[in-house]
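This report refers to the structure that appears directly beneath it.
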Amino acid sequence: MFFSSLLVSWYAMGMGEERYDAIVVGAGPAGSAAARGIAQGGFRVLLLEEHTQIGVPLHCSGLVTPRTLEEAGLDNGLVLNRVVGAHIYAPSGRRLTLGNGLPRALVIDRVGLDRALAESAQESGAELMTGGRLLDAHREKGGVALAVRRKDAVQTLRTRLLIGADGAHSRVARAMGMGGPVERVLGLGAEGLLPGADREHVQVFVGNAVAPGWFAWTIPLGNGRVRLGIGASRRVKPLAATRLFFDAYARHLGGWQQGRWTGGVIPIWSKRVTVKDNVMLVGDAAGQVKPTSGGGIYPSLVSARLASQAARVALTADDLSERSLRAYPVAWDKTFGREFRRGADLRRVYKTMTDEDFDRLLRIFGAKPLLSIINRHGDIDYPGGMFRRMAGATPALWAFVRGPLRYGWLWR
Ligand SMILES: Cc1cc2nc3c(=O)[nH]c(=O)nc-3n(C[C@H](O)[C@H](O)[C@H](O)COP(=O)(O)OP(=O)(O)OC[C@H]3O[C@@H](n4cnc5c(N)ncnc54)[C@H](O)[C@@H]3O)c2cc1C
């Protein structure tokens with residue numbers, strides 16, 4: 001702590017200084033949306049990104065709901081494909097098909113999304129600095145001082161409010177003593193050709209030998225192109241997991257020709273500190289990722305909007321204390337709290353499941369009454385309500401939740 005303060009002060013002595021109302025670190029969806037929201041209030045905002053190109057390298061499969069693009073304020077120009085449902089496979093070979101023919105999700109150009117959001121932040125008045133990497137930060141009178149490396153030089157930037165939108169390995173969270181995720185899932189993805197791939201359905205593959213603690217997936221782009229991915233949470237090296245995946249599901253993956261693997265960490269949500277004096281965290285930096293699916297684009301955009309609303313009020317009042325900024329976690333909890341708590345409970349159940357359980361569960365879900373609940377009420381952004389209805393309709397589901405959850409999520 002002492003060392004990092006010394007480091008920042010030392011940088012400050014040597015280099016020119018800039019002062020902002022808000023500096024947002026990370027130009028992913030969360031950062032650009034937060035910068036846009038604050039700049040719209042007329043404040044001086046800097047959006048800082050370590051890479052020279054926005055959105056690159058890609059570490060995402062780009063499956064989102066239509067409401068995600070609405071939240072982003074973007075049109076359908078980024079949509080590459082529409083999916084109507086999912087085929088879910090258990091290791092036993094059992095398959096469950098979900099969906100009733102209506103469009104459920106969009107496959108988007110994720111790099112394009114990041115670029116469009118960063119542009120809209122700039123159009124709203126935010127300054128964008130690419131190739132600038134946050135090295136360290138410390139609180140000082142009236143705000144936060146940041147040491148930023150850019151083109152081999154280190155400069156000091158000063159701000160009244162620092163927003164960490166710097167992803168799963170957030171340096172802001174570490175520098176400001178705000179902890180990190182309790183659980184990380186390692187994800188690998190690649191785009192490639194899968195001959196005969198169903199254009200309208202996502203495929204999800206579960207099984208403890210295949211993707212322990214998580215799942216593998218293919219997302220169709222059309223014309224045989226898919227985005228394939230695999231996640232693993234139980235100390236299994238992702239590349240080793242992909243070999244097991246290809247062996248176990250050889251029949252479904254035959255003829256696969258892939259491009260380069262890209263990887264990333266999915267910080268599974270758990271209750272976290274997201275504000276401190278002069279500091280806020282949003283998106284993956286705050287672990288705002290759906291615990292059941294790892295989807296983080298939609299929650300990061302909504303969280304950024306809530307954070308920027310609270311930031312504007314706090315900046316106007318010139319009160320950047322934790323107490324003032326708490327309007328953001330309070331609003332977040334109203335929007336997502338119950339959903340994410342249910343998701344975390346479901347995840348706890350999921351992690352205890354054996355391959356036999358997966359098979360049994362797909363059989364139970366395949367019964368007509370449950371299938372119709374899923375097809376009517378299924379919502380990738382808010383799955384909790386659907387699970388609640390299902391458990392109400394089918395007491396057999398209790399067998400799965402009763403053991404792992406001492407206090408059932410159904411009652412919250
Ligand atoms: C394999 C995989 C597949 C996924 N698929 C999906 C999916 O299909 N749908 C979905 O909704 N979600 C998906 N996700 C999750 C989704 O990618 C994230 O939740 C989302 O990107 C979070 O956005 P963010 O802005 O918080 O963080 P990021 O998108 O990670 O952006 C953080 C930014 O901060 C920058 N940065 C980091 N450190 C610094 C620093 N020190 N200084 C300056 N800049 C810095 C980074 O370069 C980056 O641009 C997937 C994740 C993985 C790993």
Side-chain angles (χ1 to χ4, degrees), residues 23-35 46-65 67-69 71-72 83 105-108 110-111 113-115 117-118 128-137 146-150 157 162-175 181 184-191 202 204 211 214-219 227-232 238 242 261-269 281-290 293-304 307 380-381:
I23 295 182
V24 182
V25 183
S32 291
L46 177 72
L47 178 58
L48 178 71
E49 169 56 46
E50 65 178 342
H51 293 107
T52 48
Q53 286 186 56
I54 301 293
V56 180
L58 172 69
H59 58 84
C60 180
S61 297
L63 186 76
V64 297
T65 50
R67 70 164 75 80
T68 305
L69 289 185
E71 180 66 41
V83 295
L106 308 172
V107 191
I108 58 162
R110 168 65 205 262
V111 176
L113 174 81
D114 286 23
R115 287 187 181 152
L117 281 167
L128 173 66
M129 182 192 281
T130 53
R133 174 162 221 217
L134 174 75
L135 297 178
D136 210 344
L146 283 69
V148 173
R149 187 201 309 276
R150 193 163 184 239
L157 302 173
L162 171 62
I163 300 201
D166 47 346
H169 306 281
S170 174
R171 189 166 283 265
V172 172
R174 262 181 291 147
R184 295 176 165 88
V185 167
L186 298 176
L188 271 185
E191 202 169 301
V202 167
V204 177
W214 201 247
F215 52 88
W217 64 92
T218 67
I219 295 173
R227 288 181 184 152
L228 180 145
I230 182 162
T242 58
W261 284 116
T262 57
V265 163
I266 302 172
I268 301 299
W269 179 82
L281 299 179
V282 285
D284 276 15
Q288 290 159 340
V289 171
K290 288 175 258 174
S293 67
I297 302 175
Y298 176 70
S300 73
L301 289 171
V302 176
S303 306
I380 331 180
D381 292 326

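Each ligand, and each atom within it, is numbered from 1 in the order the structure gives. Counting begins at 1 with the first residue of the sequence. Side-chain atoms are counted along with the backbone in the values below, which use heavy atoms only and exclude waters and symmetry mates.
With values rounded to the nearest 0.5 angstrom, Glu191 atom CD is found 8.0 Å from Leu58 atom CG. Put simply, CZ on Arg227 and OG on Ser61 are 7.0 Å apart, with the number rounded to the nearest 0.5 Å. Atom CG of residue Leu186 and atom CD1 of residue Ile230 lie 11.0 Å apart, to the nearest 0.5 angstrom.
Nearest residue to atom 11 (O) of ligand 1 from Val64, Val107, Ile297 is Ile297 (criterion: closest heavy atom). The option with the heavy atom closest to atom 43 (C) of ligand 1, from among Arg149, Arg150, Glu50, is Glu50. With atom 19 (O) of ligand 1 as the reference point, the heavy atom nearest to it among Ile108, Leu58, Val289, Asp284 is part of Asp284. Taking each of Gly296, Ala27, Ala30 in turn, the one with a heavy atom nearest to atom 24 (P) of ligand 1 proves to be Ala30. Comparing Asp136, Val202, Leu134, Val56 against atom 40 (C) of ligand 1, the shortest heavy-atom distance belongs to Leu134. The residue among Glu49, Arg133, Arg174 with a heavy atom at the shortest distance from atom 49 (O) of ligand 1 is Glu49.
Heavy atoms from both the backbone and the side chain of His59 come within less than 4.0 Å of ligand 1. Within the 4.0 Å heavy-atom criterion, neither part of Thr68 lies near ligand 1. The proximity of Val25 to ligand 1, defined as any non-hydrogen pair under 4.0 Å, is limited to the side chain.
Of all the atoms in ligand 1, the ones that sit under 4.0 Å from a non-hydrogen atom of Gly283 are 26 (O). Less than 4.0 angstrom separates some heavy atom of Asp166 from each of these atoms of ligand 1: 32 (C), 34 (O), 36 (N), 37 (C), 38 (N), 39 (C). Atoms of ligand 1 found under 4.0 Å from any heavy atom of Ala165, numbered from 1 in the order shown, are 32 (C), 33 (C), 34 (O). Those atoms of ligand 1 with a heavy atom of Leu63 less than 4.0 angstrom away are 7 (C), 8 (O), 9 (N), 10 (C), 11 (O). Remark: ligand 1 atoms within the under-4.0 Å shell around heavy atoms of His51 are 47 (O).
Using a 4.0 Å heavy-atom cutoff, Arg110 is listed among the residues neighbouring ligand 1. Between Gly132 and ligand 1 there is a heavy-atom distance shorter than 4.0 Å.
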### Message
Checking Ile268 against Trp214 for the side chain to side chain contact (heavy atoms under 4.5 Å, CB included) test, could you report, in this order, the C-alpha distance in whole Å, the side-chain angles of both residues, the deciding distance, and whether it holds?
### Response
CA-CA 11 Å; Ile268 301 299; Trp214 201 247; 3.7 Å; yes

### Message
Using side chain to side chain contact (heavy atoms under 4.5 Å, CB included), reason through Leu117 and Leu301 one step at a time and then give a plain yes or no.
### Response
CA-CA 10 Å; Leu117 281 167; Leu301 289 171; 3.9 Å; yes

### Task
Evaluate the side chain to side chain contact (heavy atoms under 4.5 Å, CB included) criterion for residues Ile163 and Ile23: first the C-alpha distance (whole Å), next the side-chain angles of each, then the deciding distance (0.1 Å), finally the verdict.
CA-CA 6 Å; Ile163 300 201; Ile23 295 182; over 6 Å; no

### Query
Checking side chain to side chain contact (heavy atoms under 4.5 Å, CB included) for the pair Ile297/Leu113: CA distance, chi angles, key distance, verdict?
CA-CA 10 Å; Ile297 302 175; Leu113 174 81; 3.8 Å; yes

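At distances below 3.5 Å, not a single donor-acceptor pair connects side-chain atoms of Arg184 with backbone N or O atoms of Val265. A side-chain donor-acceptor contact under 3.5 Å links Ser293 to the backbone of Gly295.
Side chain to side chain, His51 and Glu49 meet the donor-acceptor criterion of an N or O pair below 3.5 Å. A donor-acceptor contact closer than 3.5 angstrom links the side chains of Ser303 and Gln288.
For atom 1 (C) of ligand 1, the closest heavy atom belonging to the protein is Gly187 C, 4.0 Å. Nearest protein heavy-atom contact of atom 15 (C) of ligand 1 is Gly294 O, 3.6 Å. Looking at atom 6 (C) of ligand 1, its nearest protein heavy atom turns out to be Cys60 SG, 3.3 Å. Summary of contacts: the protein heavy atom closest to atom 5 (N) of ligand 1 is Ser61 N, 3.0 Å. Atom 23 (O) of ligand 1 has its closest protein heavy atom at Pro29 CD, 3.6 Å. At the top of the distance list for atom 34 (O) of ligand 1, counting protein heavy atoms only, stands Gly26 CA, 3.1 Å. In terms of protein heavy-atom proximity, atom 31 (O) of ligand 1 is closest to Gly28 CA, 3.5 Å. The protein non-hydrogen atom at the shortest distance from atom 27 (O) of ligand 1 is Gly167 CA, 3.9 Å.
In plain terms, the two heavy atoms of Ser300 and Gly283 that are nearest each other are CB-CA, 3.7 Å.
By the 6.0 Å contact criterion, CZ on Arg149 is open, its count of non-hydrogen atoms from other residues, nucleotides or ligands being 12 or less.
Under the side-chain contact (heavy atoms from CB on, under 4.5 Å) rule, Leu146 has a single partner from Leu135, Leu134, Val172, which is Leu134.
An N or O contact shorter than 3.5 Å is missing between Gly264 and ligand 1 by distance.
In summary, Arg171 and Asp136 do not engage in a salt bridge, as defined by a charged side-chain N under 4.0 Å from a carboxylate O.
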